[in-house]
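To start, the structure under review is shown below, and the notes come after it.
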Amino acid sequence: MVSEDTVRRGSRTSRAELALQAPSRGDPHRRLRSVLELALAYTSATAAAVYTPDDDGDLLRLVESVGVSRKLYGLRDSYPASGTSPVAEACRARRALWLPFAELARDADVRRSQAGDFSLGVLPLRDGGCLLAVSESADGFDTEDRECLAPLAEAASGATAGPRPAPGASFRLDMGTGRVDVDDDVPVLFGLLPEDFDGRVETLLARAVPEDLPSLMSMVESDPVSLGERELEFRVLQPSGEPTWLRLRARLLPATEDHAARLVGTLADAATLRSRVTDVARVQRLASALATAGTVRDVSKAVVAALRKPLQADRIALAELEGDRLVVTVLDPPDPEAWPELWRLEWRSEWPDAPVRAMPTLAAALREGRAAIWPAGTALEPALADVGPGGLAVLPLPAGGRMAGACLIGWDSPHDFDPDERALLTASAGLAGQALMRAHALDAEHELVGMLQRSLLPRRLPRLPGAVAVARYLPTTAGLEVGGDWYDVIPLPDHHVALVIGDVQGHNAKAATLMGQMRTALRAYAVEGHPPDVVVSHANRLLMGMETDLFTTCCYVDIDMEEGSAWCVRAGHLPPVLRHPDGTTEIVESEGGPPLGVLTQADFPLTPLSLPPGTVLALTTDGLVESADTDMEDGLDRLAEDLAAADPDNLGLMADALLGGANRDDDVALLLIRYDGMDLRPLRESWTVWRLPQAVGHARRFTRRTLRAWGVRFEVDAILLAVSELVTNALVHTDGQVRLDLTLVDDRLRIAVADASPRTPVRPTSMAWEATGGRGILLVEAMSSAWGTVPAGGGKQVWAEIPIGETPRPG
């Protein structure tokens, strides 16, 4: 038994109120038009309009209208605010007027109108003006229509602010001459400029999609005997080549002694209008949407958009059939409270009691393979009965001789299923099943491509001293081939960090392979200790020696985290964009070199950057700033504007905001770093070890002086012994310059000795008591908590760290 509360929730008035709660998009004009369209959708109105006072308050002017042309009913574009018209009287009295045709017939404008009997409802708006609705019932609007129009008038009150929109696009076609009198908006809807329109109906028909032309011609060349209102949705080609849906509502007026038969009505963008379920255009539109749906979720959303509103359903669910289990892909509405309690147990996972055999009613519908409909009160298993207490439709989705899934549509209040709805459900099920199978295969391929792409990029970014970094990567949705965009964050010695972003030419497996090779090469050259320009030059020579005809662009930035300074090198890539601490942005002007792999002897100039604490540095690839409609300079300017508007405190949200306008026809890589500055800056001192007889003694004295200046009192002997052994090994076993570096961070002292030999010292595995050498590394290992070697500019650096306990920092 259906409760009173359920009936109330299913009434047209409450449906209209729920529709008004949906988020409004666009400007107030679109919001107002949407409110008026709801009047057509939920009441018996054939036309609706809003009048508001002009700036002087003397006239009530039309600001928006929808439905059948207002001129057909003798309605004017404006009325004197002090006159006797229903519009003026409702505004002055601040109360609704419901006027049957008997009262309207005294008006001269109504007597001159071409329509038959009709009635008006005029409701005052809260902020001035009124909502006018027209019904073709001579007795006027019934009680439920009046209750439904009241919240719509309240919503229209808040949607009339701002510049006033132009009236609806109306037309008047002379069936004898083919000449058409139109508002300026009509040519625009067809992709023409008003001044270029020649007044011929053939000019407009030429813009229609060929498949829709027969149904359109059946209206504009109607038999004059077939009078009455007619409605059609059709597509027209815009100058860009993209089709746009338009909705035509018109009435054929009979011929008189003075003129031939005329077709009068309105045209509107059908993207935001409600069309009847009997329209073949609804199925056409679903087919168009499914043709471009690339994923299972896209298919599900297209089905929901095509069915829920025209069927006035309270909920709709779509699920894939995987083996004998149904896996939910879309639930609309998405609120868990809108669904039965059993469904909330595994919300947005699998169907409750997911095996199909656990739901006999659903299993039978899938076996039969055709739409099944159960009216209110049918005894069904609980998992299904609560989906549609007022009526339930189950659509099996066939594809390729098997079932791809199922779609459930439910109503709260008792719903009568007419033949038109059944035809719409059957046609939609076949289209959705085929699209679901295609999308499932496409999703699987996308996942494989994405897995390969992710394996070539860093799994996670390292923690940085004094900075935070985030990265985003969006693969293209235009195809299934792997792209060549990449990024990397490379920690370097002495609190340096290298940021790299690049883009390999092409979108295929070859480009992805080269991307992985170049990322590895740049990381290896950077870790060796080369300066930024040398790192990029080495990568260029490596690519020139490889057997490939592809090239790559990259931007390499080496940041000194202690000083807040950086060096930037560009190889044919976009410049970095800086967001300064005060919120201003700057596109770094830097001289760049050619892309890697173009010239063997190429120069890659260095550009200095200053990074005060709070600075955000953004590196990106061209997919974010360049498209077929946007050149690179404009895209960089837009990126700088978006960077200035975003919140730098949360880099993740900032990155997501910057990717909002990304061009999905190309891969996009984005790397952001916010430099905060190091809380504790290390103390550093260096000493060049000259090859003199007392070289080791000089190094020890330098170390002792430095420790005294730093206030180090503990482990001094161990430090001096480690310095002696490391410097001695470098002098004895290598040639060239030797450098001693001391670094103090908190309570750890780092000793590093750099030389020109790439040969790494080897720890002896065993040593006889009489041996005279080889104990140096063993002593260093015994004195330190950790030691090791790193490449450094063609040579190496041997380092050791020694804990020194509580050491006061020098003032």
Side-chain angles (χ1 to χ4, degrees), residues 1-3 6-7 9-12 15 41 274-280 282-283 285-287 290 299-300 302-321 326 328-333 338-340 342-343 351-353 356-399 402-436:
M1 184 173 181
V2 182
S3 67
T6 302
V7 174
R9 291 200 311 271
S11 69
R12 283 185 288 157
R15 290 173 189 269
R274 173 185 178 273
S275 64
R276 299 180 310 183
V277 298
T278 55
D279 285 342
V280 176
R282 173 61 62 179
V283 178
R285 189 183 305 177
L286 175 60
L290 293 177
V299 171
S300 303
V303 173
V304 170
L307 296 181
R308 187 181 174 198
K309 286 183 65 177
L311 293 174
Q312 298 183 355
D314 291 285
R315 56 187 63 85
I316 182 170
L318 193 139
E320 281 188 279
L321 185 62
L326 282 165
V328 174
T329 57
V330 163
L331 296 174
D332 192 82
W339 294 88
L342 285 175
W343 287 59
W351 219 288
D353 297 327
V356 175
R357 61 180 178 274
M359 291 177 283
T361 305
L362 186 60
L366 291 174
R367 282 196 306 270
E368 294 178 7
R370 56 189 177 86
I373 295 174
W374 294 277
T378 305
L380 300 171
E381 50 263 37
L384 297 179
D386 294 339
V387 175
L392 177 67
V394 174
L395 306 185
L397 307 179
R402 59 178 291 263
M403 288 299 150
C407 179
L408 266 68
I409 306 170
W411 290 263
D412 284 336
S413 59
H415 184 78
D416 296 326
F417 296 91
D418 59 42
D420 292 326
E421 287 184 347
R422 294 173 183 264
L424 173 65
L425 294 176
T426 302
S428 301
L431 293 173
Q434 297 289 342
L436 200 61

Give the C-alpha distance, both sets of side-chain angles, the deciding distance and a yes or no for side chain to side chain contact (heavy atoms under 4.5 Å, CB included) between V303 and C407.
CA-CA 9 Å; V303 173; C407 179; 4.3 Å; yes
When you look at W411 and L392, which way does the side chain to side chain contact (heavy atoms under 4.5 Å, CB included) test go after all the steps?
CA-CA 7 Å; W411 290 263; L392 177 67; over 6 Å; no
Identify the two heavy atoms, one from S413 and one from D314, that lie closest to each other, and give their separation to 0.1 Å.
N-OD2, 4.4 Å
Determine the minimum heavy-atom distance between R315 and V387, stating which atoms define it.
NH1-O, 2.7 Å
Is there a donor-acceptor contact under 3.5 Å from the side chain of D332 to the main chain of I316?
no
How close do A313 and I409 get, heavy atom to heavy atom, and via which atoms?
CB-CG2, 3.4 Å
Return the minimal non-hydrogen interatomic distance between L331 and A317, and the atom names on each side.
CD2-CB, 3.4 Å
